[in-house]
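Data block below; observations after.
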Amino acid sequence: MSGEHDVKLLCRILKVPRSTYYATINRPESMRSQESRDYCAQIKEIWLKSRKCYGSPRIAAIMRSKGIFISQKRVGRLMAGMGIRSVTMRKYRHYRSIEDKVDRQNILKQDFASERPNERWATDITYIKTSNDGWTYLASVVDLCTKRIVGFKYAKKMTANVAIAAVVNALHNQGYPEGVILHSDQGCQYTSEAFAEIIRKYGLIHSFSKRGCPYDNAVMESFHATLKKEEVNRQRYRDFSAASLRIFDYIEGWYNRTRLHSSIGYRTPVQFENELNTDKNEVTEVEVKSTSFCV
């Protein structure tokens, strides 16, 4: 505006001293302002690499891991200033069913803690819509220790075979561990005789949620909610094949190997699983050496 109008006139109208105006436009950029500008560039780069999913907690954790000591609140303020934010979803509101009968064994009872991989798994099925093929279905299995999706199956029909295939894939991927507690809801796929046969065949221990209580399978529900928030709800899948490629890329390319999880110390599931397996192998080697020495 100063190029189009007289500065003296503008300052008189706005009741601003001319000395303040000239001091402002000639003031050198402060160190904090320069620092914030550099931070903004890094924050935006991390945000874009996260598929525009990360919020201030994960971005701050990544920056601190690079030796940049910045608070989560400051990251949040800078993100707000740039007009960027993490993807959000509507808070789930559970409407309690009329009857919550416990008619099957619930081993976990909302205790999702697990000290080692392949000790406790959870599984469930979710719906995914496509334009040409209508509703499709994804069955997933999560390791409650590492938060890794150890097995999944995507199909056009929601049958017991989908649930079975996801569990069999998990067993194959994890080397057929024995005695795993597998938790599910009481959907007909998981209470079928075909699914029970798989439980017996591979020596699994089946645990069930109470009827109408999604909190009993909260970790699995959380994964499917995150999948919808970060991938499904941001896309329009043409057909089953297109959705299949995107879902595989999200689970194996992003969620398991790249996405940081706050519940495991801002690590990726694969990274955390590898760390636990390395620690286990080192302990085993020490025990073997100790036994050899005693002999």
Side-chain angles (χ1 to χ4, degrees), residues 47-55 84-95 97 121-143 147-174 182-195 197-198 209 212 214 217-261 268-270:
W47 180 72
L48 290 172
K49 286 183 178 179
S50 76
R51 308 185 181 194
K52 303 180 181 180
C53 293
Y54 283 174
I84 63 176
R85 63 177 186 176
S86 63
V87 290
T88 58
M89 61 181 176
R90 187 169 55 187
K91 189 174 179 63
Y92 174 77
R93 181 177 294 175
H94 171 54
Y95 294 93
S97 61
W121 294 349
T123 185
D124 198 8
I125 300 176
T126 194
Y127 302 74
I128 296 172
K129 192 170 186 179
T130 65
S131 298
N132 296 341
D133 295 321
W135 289 105
T136 57
Y137 308 92
L138 174 70
S140 311
V141 181
V142 64
D143 188 306
K147 306 302 183 286
R148 180 179 182 175
I149 302 302
V150 291
F152 63 94
K153 177 63 176 179
Y154 182 51
K156 294 182 178 180
K157 294 183 178 181
M158 188 168 65
T159 64
N161 290 335
V162 179
I164 290 169
V167 173
V168 172
N169 287 340
L171 289 164
H172 173 77
N173 293 336
Q174 299 300 102
L182 178 67
H183 188 83
S184 73
D185 60 25
Q186 295 193 44
C188 61
Q189 297 81 17
Y190 298 110
T191 57
S192 66
E193 180 55 35
F195 196 85
E197 178 59 31
I198 292 297
S209 300
N217 203 6
V219 178
M220 195 72 260
E221 297 282 354
S222 176
F223 164 69
H224 282 154
T226 301
L227 169 70
K228 298 289 182 66
K229 178 181 72 172
E230 296 183 353
E231 169 61 28
V232 176
N233 293 344
R234 302 169 71 191
Q235 308 292 334
R236 288 192 65 181
Y237 302 123
R238 183 182 67 255
D239 52 25
F240 175 82
S241 297
S244 181
L245 290 174
R246 292 287 308 184
I247 290 166
F248 179 86
D249 176 66
Y250 177 84
I251 294 175
E252 291 297 349
W254 170 247
Y255 191 87
N256 280 343
R257 289 176 167 78
T258 306
R259 187 182 188 275
L260 303 182
H261 293 247
T268 69
V270 168

- Query: With sequence neighbours left out, what residues match His261 under ring-ring contact (aromatic ring centres under 6.0 Å, His included)?
  - Reply: Tyr255
- Any donor-acceptor N/O pair, Thr226 side chain to Ser222 backbone, under 3.5 Å: yes
- For the student: nearest non-hydrogen atoms of Ser209 and Gln186, plus distance: O-NE2, 2.9 Å
- Task: I would like to know whether Ile84 and Lys52 meet side chain to side chain contact (heavy atoms under 4.5 Å, CB included); could you show each step before the answer?
- Result: CA-CA 8 Å; Ile84 63 176; Lys52 303 180 181 180; over 6 Å; no
- Message: Counting C-beta onward and ignoring hydrogens, is there a side-chain heavy-atom pair between Ser50 and Trp254 closer than 4.5 Å?
- Response: yes
- dist Cys53:SG -> Lys229:NZ (nearest 0.5 Å) comes out at 7.5 Å
Compile the donor-acceptor pairs under 3.5 Å between side chains in residues 121-128 and protein atoms, sequence neighbours left out, one pair per line.
residue: Trp121; atom: NE1; partner: Asp143; partner atom: OD2; Å: 3.4
residue: Thr123; atom: OG1; partner: Ser140; partner atom: O; Å: 2.8
residue: Thr123; atom: OG1; partner: Tyr190; partner atom: OH; Å: 3.4
residue: Thr126; atom: OG1; partner: Lys228; partner atom: NZ; Å: 3.0

- Under 4.5 Å between any side-chain heavy atoms of Val141 and Ile149, yes or no? no
- Query: For Glu230, what residues pass the salt bridge (charged side-chain N to carboxylate O under 4.0 Å, His left out) criterion, not counting sequence neighbours?
  - Reply: Arg259
- Message: According to side chain to side chain donor-acceptor pair (under 3.5 Å), who are the partners of Thr136, at least two apart in sequence or on a separate chain?
- Response: Tyr154
- Query: What distance separates Lys156 NZ from Asp239 CG, expressed to the nearest 0.5 Å?
  - Reply: 8.0 Å
- Within the distance-only criterion (no hydrogens, no angle test), does the side chain of Tyr237 pair as donor or acceptor with the backbone N or O of Asp133 below 3.5 angstrom? no
- Could you tell me the separation between the CG atom of Leu138 and the NE2 atom of His224, rounded to the nearest 0.5 Å? 5.0 Å
- Message: Keeping Asn256 on the side-chain end and Arg148 on the backbone end, is there a donor-acceptor pair under 3.5 Å?
- Response: no
- State the OG1-CD distance between Thr258 and Glu252, to the nearest 0.5 angstrom. 10.5 Å
- Minimal heavy-atom distance between Ser192 and Gln189, with the atoms involved, is OG-O, 3.0 Å
- Query: Do you know which two heavy atoms are closest between Ser131 and Arg236, and how far apart they sit?
  - Reply: OG-NH2, 4.3 Å
For residues 157-173, dump all side-chain donor-acceptor pairs below 3.5 Å to protein atoms at least two apart in sequence or in another chain.
residue: Thr159; atom: OG1; partner: Asn161; partner atom: N; Å: 3.3
residue: Asn169; atom: ND2; partner: Phe152; partner atom: O; Å: 3.1
residue: Asn169; atom: ND2; partner: Ala165; partner atom: O; Å: 3.2
residue: Asn173; atom: ND2; partner: Val150; partner atom: O; Å: 2.9
residue: Asn173; atom: ND2; partner: Asn169; partner atom: O; Å: 3.1

- Item | Qualifying residues under salt bridge (charged side-chain N to carboxylate O under 4.0 Å, His left out), relative to Arg51, sequence neighbours excluded | Asp249
- Taking atom OH of Tyr250 and atom CZ of Arg234, what is their separation to the nearest 0.5 Å? 9.5 Å
- Task: Output the distance between atom CG (Asn233) and atom CD (Glu231), rounded to the nearest 0.5 Å.
- Result: 9.5 Å
- Query: Can you check whether Met220 reaches Val142 side chain to side chain, under 4.5 Å on heavy atoms?
  - Reply: yes
